[in-house]
Amino acid sequence: MKSTKTTYNPKKIEAKWQKEWQKNGHPKATGKKGKLYILDMFPYPSGDGLHVGHVENFTATDIAARFKRMNGYDVLHPMGWDAFGLPAENFAIKTGIHPKKKTLECIKNFKRQMESIGLSYDWEREINTSSPEYYKWTQWMFLFLYKNGLAYKKKAKVNWCEACHTVLANEQVIDGKCDRSGDIVFQKDLEQWFFKITDFVEDTRSKSGRKISGLLAGLKKIDWPSSTIAAQKHWIGRSEGAEVIFPVANTEEEIKVFTTRVDTIFGCTYVVIAPEHTLLKSLEASIGNKEEVKKYLEVTKKKTDLERTELNKEKTGVELVGIEAINPFTGERVPVYVADYVLGTYGTGAVMGVPAHDERDFAFAKKYELFIQQSVVSVDKKNETECFTEDGVLIDSGEFTGMTSGDAREKMSAWLRTEKMGGKRVQYRLRDWLISRQRYWGAPIPIIYCDECGEVPVPEKDLPVKLPMDVDFLPTGESPLVRSKSFQKVKCPTCGKKARREADTMDTFVCSSWYYLRFADPNNTKKFADPKELAKYLPVDFYMGGAEHTVLHLLYARFFTKALAKYDYLHFDEPFVKMRHQGMVMAEDGRKMSKSLGNVVNPDAVVQELGADTLRLYEMFMGPLEDMKGWNTGSVIGLRRFLDKVWRLKEKVAQGKTQKSDQDVLTSLLHKTIKKVTEDIEDLKFNTAISMLMILVNAMEKEDVISLHTYQTLLILLAPFAPHITEELWSETGEKKSIFLEKWPKWDVKKIVEELSVIAVQINGKVRATFAIATGSTEAVVKKVALADPKVQVYTAGKEIRKMIYIQDKILSLVIGD
RNA sequence: GCCGAGGUGGUGGAAUGGUAGACACACGGGACUCAAAAUCCCGCGAUAGCAAUAUCAUGAGGGUUCAAGUCCCUCCCUCGGCACCA
């Protein structure tokens with residue numbers, strides 16, 4: 001081997017190996033241990049390029065992928081682009097540059113950056129959600145759901161800005177105002193497409209009879225961060241309660257109320273319906289204060305959901321004069337209010353007001369001077385002036401008096417059932433998924449409207465419905481696709497008469513809800529993926545991405561998986577078996593990195609200055625993968641120094657392959673390092689794996705000569721972390737094949753055990769002495785040596801030893817008397 | 001308010017209930033050099049001491065244990081998510 005003195009020049013060697021990998025692909029040993037699918041959440045290719053958070057995420061999975069390949073697995077590790085979305089469209093509105101052009105530019109830049117840090121993706125599987133080859137299958141997914149009754153249309157509210165003539169995404173509404181014009185945002189009703197995600201909350205069966213776990217129960221069988229599981233659960237928001245029918249006095253109408261506290265119903269002193277409630281229309285004639293109610297509805301219309309749901313805000317409402325509801329339990333008549341603290345979209349859109357036992361009802365009753373009636377007490381609390389929201393024992397509740405709240409809920413629900421006035425009911429917070437967007441840069445919804453035939457799905461053979469290029473994307477109030485002549489020139493697939501296309505596009509979350517399936521077979525033109533390929537690679541074994549996707553993306557992806565599984569397109573019902581989130585990388589000043597604060601660290605600059613391997617190592621060394629971390633430019637140099645040391649080690653390698661064996665101490669340390677690095681990579685504890693490699697390198701540096709075997713083993717252990725330098729040094733040892741075709745080393749337990757162990761002697765809980773003794777010494781021997789130790793004798797002289805605990809090769813703990 | 005994750009030197013962090021502070025950055029001292037950079041060596045939680053060493057120390061306070069950063073209880077603080085969900 002050459003031992004000429006050269007300096008580590010990352011720029012040169014990184015370029016060299018990247019060129020090689022681009023030309024011949026990333027070297028992969030043939031996997032014999034079976035498949036592993038290691039996936040990153042694919043990025044939106046923004047104009048800002050890769051940020052250091054991406055680098056953290058992608059480096060972590062790259063280490064895992066390289067490590068698993070060297071351990072004999074057939075690893076699928078693909079990358080693609082979540083390329084539809086608002087930023088490119090807004091950029092187009094501002095500059096006139098077409099979103100397609102801009103998006104392709106951004107992708108090119110992202111890919112360049114990824115290659116510049118040596119990520120070993122299967123680039124031949126690259127996908128782009130904005131390409132017709134991909135969105136053809138997004139449209140196919142829509143039709144699949146449509147045909148199975150899982151996609152439907154209904155009226156729904158959208159954020160509407162009158163000044164911009166456009167629909168806004170929730171993120172564009174700041175404090176109830178448009179983020180661009182500053183105008184107040186209205187809620188406007190529009191016909192929208194929905195996916196029936198709520199159909200999959202509970203377990204179901206596939207058409208072939210297999211059990212498909214629901215969105216709720218499925219959480220039990222996956223290895224995800226507990227916070228993410230909790231967030232999913234909360235988002236689904238299952239609550240058990242009762243539905244109660246309050247007939248409206250002197251009419252045929254009734255108000256259905258949902259409550260989790262039916263046990264407090266004897267304390268109900270009024271009923272509230274949401275401003276959206278249909279009863280307001282059907283009862284209009286009987287309302288005594290129509291004008292006042294109308295005014296109130298006008299005011300609430302101006303509020304966004306965000307505003308309406310702001311806590312600690314005074315509750316407002318208007319009584320419906322002349323309307324009374326009848327409590328089915330007591331027969332009492334109670335007033336009816338309309339108030340916007342009740343949401344039309346949750347439950348039945350109506351609640352019973354029990355001020356004595358609910359905070360909101362209490363506040364509302366105080367404001368409108370409504371009667372407060374206690375119906376439940378706890379054992380130790382009685383007749384407080386505050387409201388009492390816990391369970392207790394019922395009072396003044398007719399035949400239910402004396403029951404505990406829990407019992408009463410059961411009995412009262414049963415009573416409602418027999419009386420046909422309601423009964424037990426399960427309610428979810430989760431709503432169906434609104435997927436329509438009045439936007440241009442998205443996948444067109446494959447539906448055609450015909451005056452004769454109505455709503456007609458585009459036949460599969462006509463897919464993809466291509467996004468037209470002749471579109472003026474300036475906002476005018478309707479979907480940009482309405483004004484595309486080429487797009488709207490269409491005949492009804494059923495009758496052949498002139499028809500028009502659905503002009504809305506799909507939410508970009510639709511595209512990203514199934515992409516992990518496409519990677520199994522990305523170039524298939526007949527199916528979204530061949531079942532054989534799906535069976536080979538899916539589900540995803542390890543999924544990694546930002547915590548900002550804890551709810552929506554993951555929930556939607558799980559929904560798609562379950563829907564496809566139900567119709568036997570898939571053999572599994574949870575897409576991501578194990579998942580982790582990388583912690584956010586904060587700026588040096590402790591704040592979030594953002595362009596406006598000017599504190600963004602550009603990975604390109606770090607690669608340029610210190611090299612890609614240094615950047616990769618630093619990001620992994622910063623701290624635990626899942627923790628939030630602060631970038632520290634000064635600390636990056638430490639990792640470069642480490643690589644410089646590794647580089648210089650080659651000068652110490654013994655010439656000739658069999659010439660030298662190392663000191664036992666170094667061999668022992670090498671085996672400890674193999675163990676530690678192997679186990680730490682498995683556990684994603686990259687920071688401590690790197691520490692251990694540093695310890696080994698520091699020890700090797702102190703030797704005059706090291707064996708080729710030890711040196712090569714070090715290079716293999718370091719290879720997943722720093723692929724360029726290790727590939728270079730490996731080839732310099734005379735190896736012809738890539739280091740990534742090497743087998744991962746195994747540790748020898750016998751070599752790890754040291755001859756001597758240091759025993760700490762604790763006396764009454766404090767360490768008073770330490771001494772070295774042959775590993776494996778018996779308790780009796782250790783005790784004898786310890787008691788002979790003068791430092792120990794200072795404490796034991798003339799005292800009684802009451803107790804003695806010996807931990808093999810570690811600690812001797814003595815408890816002595818006075 | 002609810003749910004989740006945390007709180008360890010100047011800094012990032014390490015520690016199957018078993019000698020707290022590995023590894024790294026910064027800092028101080030020294031070697032090499034005409035000088036600087038690079039590199040190498042030594043030191044580096046606090047207090048007292050020339051030192052050996054002693055005492056204190058993992059957000060605060062209790063508890064369990066021979067032994068607690070780690071387990072249990074109460075409280076404080078920080079971060080993340082959700083929030084009038086009936």
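Source: prediction; values computed, not measured.
- Among the heavy atoms of the strands lying under 4.0 Å from Tyr795(A) are primed sugar atoms or P, OP1, OP2 only; no base atom is included.
- Within 4.0 Å (heavy atoms only), Lys810(A) reaches at least one base atom of the nucleic acid.
- You'll find the side chain of Phe686(A) stays beyond 4.5 Å of the side chain of Arg616(A), heavy atoms only.
- Note on Arg641(A): every side-chain N or O is 4.0 Å or more away from OP1 and OP2 of A38(B).
- No donor-acceptor pair closer than 3.5 Å links the side chain of Glu240(A) to the backbone N or O of Arg425(A).
- Between Arg768(A) and Leu814(A), the residue anchored closer to the 5' end of RNA chain B is Arg768(A), taking for each the nucleotide with the nearest heavy atom.
- Heavy atoms of Phe621(A) sit under 4.0 angstrom from at least one base atom.
- Nearest-nucleotide positions on RNA chain B for Tyr618(A) and Asp644(A) put Tyr618(A) closer to the 5' end.
- Nucleotide C82(B) forms a Watson-Crick or G-U wobble pair with G1(B), both donor-acceptor distances falling under 3.5 Å.
- Contact check, Arg431(A) against C85(B): no side-chain N or O comes under 4.0 Å of OP1 or OP2.
- When heavy atoms are screened at a 4.0 angstrom cut-off, Gly237(A) is found touching no nucleic acid atom at all.
- The two residues Phe621(A) and Ile690(A) make their nearest non-hydrogen contact at CD1-CG2, 3.7 Å.
- Counting any heavy atom pair closer than 4.0 Å across all strands shown, Gln232(A) reaches no nucleic acid atom.
- The nucleotide A48(B) finds its pairing partner in U53(B), both defining distances of the Watson-Crick or G-U wobble pair being shorter than 3.5 Å.
- Residue side chain Lys315(A) reaches the base of C84(B) through a donor-acceptor N/O pair under 3.5 Å, judged by distance alone.
- Atom-to-atom, CG of Asp680(A) to P of C23(B) comes out at 15 Å; the value is rounded to the nearest Å.
- In this model, the phosphate group of C41(B) is approached by a side-chain N or O of Lys702(A) to a distance below 4.0 Å at OP1 or OP2.
- Between Tyr428(A) and A86(B) there is no side-chain polar atom (N or O) within less than 4.0 angstrom of OP1 or OP2.
- A36(B) is unpaired under the Watson-Crick or G-U wobble criterion, no partner having all donor-acceptor distances under 3.5 Å.
- Close to C40(B), at under 4.0 Å from its OP1 or OP2, lies a side-chain N or O of Arg648(A).
- At C56(B), one or more side-chain N or O atoms of Lys766(A) fall inside 4.0 Å of OP1 or OP2 (strictly under the cut-off).
- At a cut-off of 3.5 angstrom, counting only N and O atoms as typed in the model, there is no donor on one side facing an acceptor on the other between the side-chain of Ser635(A) and the base of C25(B).
- Between Ser226(A) and A5(B) there is a side-chain N or O to OP1 or OP2 distance below 4.0 Å.
- Within 4.0 Å of Thr259(A), counting heavy atoms only, lie sugar-phosphate atoms of the nucleic acid but no base atom.
- Pairing of U58(B), defined by two Watson-Crick or G-U wobble distances under 3.5 Å, is not identified with any nucleotide.
- Among the atoms of the strands shown, none is found under 4.0 Å from any heavy atom of Val354(A).
- Atom CD in Glu619(A) sits roughly 18 Å away from atom P in C25(B) (whole-Å rounding).
- In G69(B) the O4'-C1'-N dihedral to the base is more than 90° from 0, which defines an anti nucleotide.
- Contact between Gly630(A) and Tyr618(A) at its shortest, heavy atoms only, is O-OH, 4.1 Å.
- The residue Ser227(A) sits close only to the backbone: its heavy atoms come under 4.0 Å of sugar-phosphate atoms, none of a base.
- For Phe371(A) and Tyr270(A), the ring centers are positioned 6.0 Å apart or more.
- Side-chain atoms of Glu243(A) and Thr348(A) form no donor-acceptor pair, as typed in the model, at a separation below 3.5 Å.
- For the pair Lys366(A) NZ and C84(B) P, the interatomic distance rounds to 23 Å; values are reported in whole Å.
- A distance of about 13 Å separates the P atoms of A15(B) and G6(B), rounded to the whole Å.
- The aromatic rings of Tyr368(A) and Tyr337(A) sit tilted, their planes meeting at an angle between 30° and 60°.
- Neither side chain, Ser397(A) nor Ser375(A), offers a donor N or O lying under 3.5 Å from an acceptor on the other.
- Phosphate contact (OP1/OP2 of A83(B), side-chain N/O of Arg429(A), threshold under 4.0 Å): present.
- With hydrogens and angles ignored, a donor-acceptor pair under 3.5 angstrom links the side chain of Gln762(A) to the base of G18(B).
- Within the 4.0 angstrom heavy-atom criterion, only backbone atoms of the sugar-phosphate kind lie near Ile695(A); the bases stay farther away.
- Within the nucleic acid shown, Lys676(A) has no heavy atom closer than 4.0 Å to any nucleic acid atom.
- Using a 4.0 Å cut-off, some side-chain N or O of Ser239(A) falls inside it from OP1 or OP2 of A86(B).
- With a cut-off of 3.5 Å on both pairing distances, U65(B) has no Watson-Crick or G-U wobble partner at all.
- Looking at heavy-atom distances under 4.0 Å, Pro225(A) makes no contact with the nucleic acid at all.
- Contact check, Asn687(A) against G12(B): no side-chain N or O comes under 4.0 Å of OP1 or OP2.
- Checking C23(B) for Watson-Crick or G-U wobble geometry (two distances, each under 3.5 Å) identifies G12(B) as its partner.
- The shortest distance between the side-chain N/O atoms of Asn698(A) and the OP1/OP2 oxygens of A24(B) is below 4.0 Å.
- Computed from coordinates, the Arg261(A) CZ to A86(B) C1' distance equals 11 Å when rounded to whole Å.
- To the nearest angstrom, C1' of G81(B) lies 17 Å from NE2 of His553(A).
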